[in-house]
Amino acid sequence: MRKSLAVRIANFVIGWSAAIVFFFPIFWMALTAFKTEPAAIATPPKLLFSPTMINMRAVLDSADYLHFFQNSLIISCAATLLAIILGTPAAYAMAFFPGGRTKDVLVWMLSTKMMPAVGVLVPIYLIFRDAGLLDTHVGLIAIYTLMNLPIVVWLIYTFFKDIPKDLIEAARMDGARPLSQFFFLLLPLTAPGFASTGLLSVIFIWNEAFWSINLTVTNATPLTAFIASFSSPQGLFWAKLSAASLLAIAPIMLLGWLTQKQLVRGLTFGAVK
Amino acid sequence: MVSLKLRDLRKSFGGFEVVKGVSFEVSEGEFVVFVGPSGCGKSTLLRMIAGLEEITAGELLLDGARVNDVAPDRRGLAMVFQSYALYPHMTVEQNMGFALRLAGVGKSERRRKVEQAARILQIENLLNRKPANLSGGQRQRVAIGRAIVRNPKVFLFDEPLSNLDAALRVQMRMELAALHRELKGTMIYVTHDQVEAMTMADRIVVLREGLVEQIGSPLSLYNEPVNLFVAGFIGSPKMNFLPAGLLSRDGGRVELSLSPDVRLTIDDVAETGSAQALTLGVRPDMIHVADHGPLRGQVLLVERLGNETLIHVDAGIGSEPVTVSHQGQYAVSAGEAVGLSIDTRRIHLFSPSGRRVARGLQPTQV
């Protein structure tokens with residue numbers, strides 16, 4: 001299908017405008033990270049400046065970046081894996097053996113995402129305190145697993161829905177029990193789906209700040225808490241904060257960049273075919 | 001020896017009964033076809049036999065053992081799906097050998113069995129292909145091959161030919177019949193196409209709204225349908241149904257009127273009750289165009305099939321036009337007035353409830 005020139009120009013303008021609007025804050029943060037503190041708050045803002053590594057060095061000196069990075073990595077990967085392990089059987093049952101209320105259950109699961117997290121902060125905090133889960137990996141992994149479970153179930157459900165029911169029935173006739181069905185049929189057929197589900201889940205957890213800041217102190221703190229630690233006591237140091245933020249998001253940006261094909265596929269699944 | 005026995009099988013989906021008590025037996029080596037309009041429960045019944053649908057009530061016996069609660073693969077049945085349901089990421093060989101692989105059969109043994117089945121179906125050259133690279137007919141063969149490899153007690157076919165084009169369907173029909181002769185396996189086949197049922201079945205089970213209407217050999221259903229439904233469903237083109245008024249009855253002999261000046265006398269009529277309004281069933285090839293025939297009407301439409309000519313005539317009897325099947329090619333055109341005569345040797349008479357109460361003389365076998 002050949003589009004007319006006007007349509008193509010319009011697409012170009014709208015697409016690039018949207019991209020610039022979304023990307024600008026990150027771009028500005030990246031610039032600020034390499035400015036001196038006075039240059040960072042100068043008005044009018046400076047586009048041209050001589051870059052400095054002073055903030056990077058300061059940030060890396062003042063806190064153990066690797067410690068936070070390691071925590072983020074452990075927590076996001078473990079919680080993602082757990083959410084997939086727990087969510088897959090649910091998605092399997094709902095996709096291939098739907099009951100009268102399957103749709104309601106799915107919507108209810110998603111509706112839990114609509115509730116503001118702060119609403120359950122106090123009970124969760126008390127439970128975590130009494131169970132000794134505050135500032136532990138296990139605690140954060142548990143909360144993130146539960147946080148992502150609805151989305152993981154939804155995504156895997158839509159991928160499974162795409163597999164003809166006949167295939168599962170043929171496999172049942174051939175003697176494949178659910179585990180064999182999963183490893184011989186569903187996993188090979190929906191591997192890209194699982195990849196994008198996992199990636200999305202990791203990204204969501206990597207970016208999550210509310211629970212990580214409220215439930216950790218030092219031991220299990222991920223990178224979001226690392227950024228936050230640069231904002232509070234001494235007042236705002238924009239350049240240092242930007243440097244810390246850049247360091248925190250760099251790994252996940254890189255991951256997203258490398259896997260953008262799978263990510264887009266995961267996010268648009270069902271919408272575009 | 002009885003291979004499969006259904007005893008008052010029932011299936012409900014959330015309070016709605018789809019199969020309402022079906023009982024019959026399938027003997028070993030028999031080719032049984034379930035036929036009926038869509039929604040009659042034939043596929044559900046097949047899936048209940050397969051184990052893909054739970055049985056709400058009744059008993060399913062396989063070689064004498066109750067298998068209601070036995071898992072599909074443990075029943076020793078194989079199913080060919082309408083969509084073929086081939087595993088898209090596996091080669092033909094892996095597709096066909098999947099059940100054996102799950103059962104822990106060794107690689108060389110698996111290969112031998114797959115090759116044996118492939119030879120029967122003439123798909124040996126396709127073993128390394130993926131389903132996406134096969135034509136519809138080839139996929140169909142692979143799906144059948146997958147069933148053969150398992151050496152099942154009963155083959156189950158769920159409308160396997162409905163996705164093929166007409167020519168291929170005729171060819172596969174013959175091949176399936178040949179396969180049945182060669183394998184001597186018990187086969188149950190579901191279709192809504194009465195031609196498939198007539199051409200392949202040893203016995204046909206006609207279903208309607210979850211109930212068995214009639215069970216019998218193809219020709220017995222054609223010659224002796226028990227009711228209006230079976231009479232109308234089996235045979236193509238469809239049997240003509242003409243409203244017939246009862247004029248007089250003398251023992252088993254009744255006199256009927258089709259129109260004020262067309263009367264018929266039929267012997268051996270069973271009890272018709274007190275009803276005056278009966279239905280006369282006449283197959284299209286038992287009505288002939290005859291200049292001085294008792295019925296007269298205007299030709300509405302002529303369908304020329306080459307080997308036969310179908311003439312639809314508005315004879316002023318009933319609401320439907322009368323269909324006449326004329327052997328060969330017949331020179332007649334729409335709008336012409338024609339006379340029709342009915343061959344009373346092969347007619348059927350139905351009571352108001354739809355039950356057949358009489359038929360004409362037996363057709364002579366040639």
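Chain A is the first sequence line, chain B the second, and so forth, proteins listed ahead of strands; every chain is numbered from 1. What you see below is based on every heavy atom in this structure, not just the backbone, and it leaves out hydrogens, waters and symmetry mates. Note that the structure is predicted; figures quoted are calculated from it, not measured.
If you take NZ on A:K165 and OG on B:S83, they are separated by 12.0 Å, rounding to the nearest 0.5 Å.
With respect to chain B, the highest number of heavy-atom pairs below 4.5 Å among A:D174, A:L167, A:D166 belongs to A:D174.
Within a 6.0 Å sphere centred on CZ of A:F97, heavy atoms belonging to other residues, nucleotides or ligands number more than 12. For NZ of A:K103, the number of neighbouring non-hydrogen atoms (other residues, nucleotides, ligands) closer than 6.0 Å is 12 at most.
Of all the heavy atoms in A:M173 and B:P72, the pair that sits closest is SD-CB, 3.8 Å. Across all their heavy atoms, A:L189 and B:P88 have their closest contact at CD2-CG, 3.5 Å. The heavy-atom pair separating B:H89 from A:F184 by the smallest distance is NE2-O, 2.7 Å.
Residues from residues 123-155 of chain B that place a non-hydrogen atom less than 4.5 Å from a non-hydrogen atom of chain A comprise B:R146, B:R150, given in numerical order. For residues 140-154 of chain A, heavy-atom neighbours of chain B at less than 4.5 Å comprise no residues at all. Contacts of residues 40-59 of chain B with chain A at a heavy-atom distance below 4.5 Å involve B:R47, B:A50, B:G51, B:L52, listed in sequence order.
Not counting sequence neighbours, the partners of B:E109 by the side chain to side chain donor-acceptor pair (under 3.5 Å) test are B:R112.
In this structure, B:Y87 contributes its side chain and A:A171 its backbone to a donor-acceptor pair below 3.5 Å.
Proximity to chain A is limited to the backbone of B:L86, based on heavy atoms less than 4.5 angstrom apart. Within the 4.5 angstrom heavy-atom criterion, only side-chain atoms of B:R101, from C-beta onward, approach chain A.
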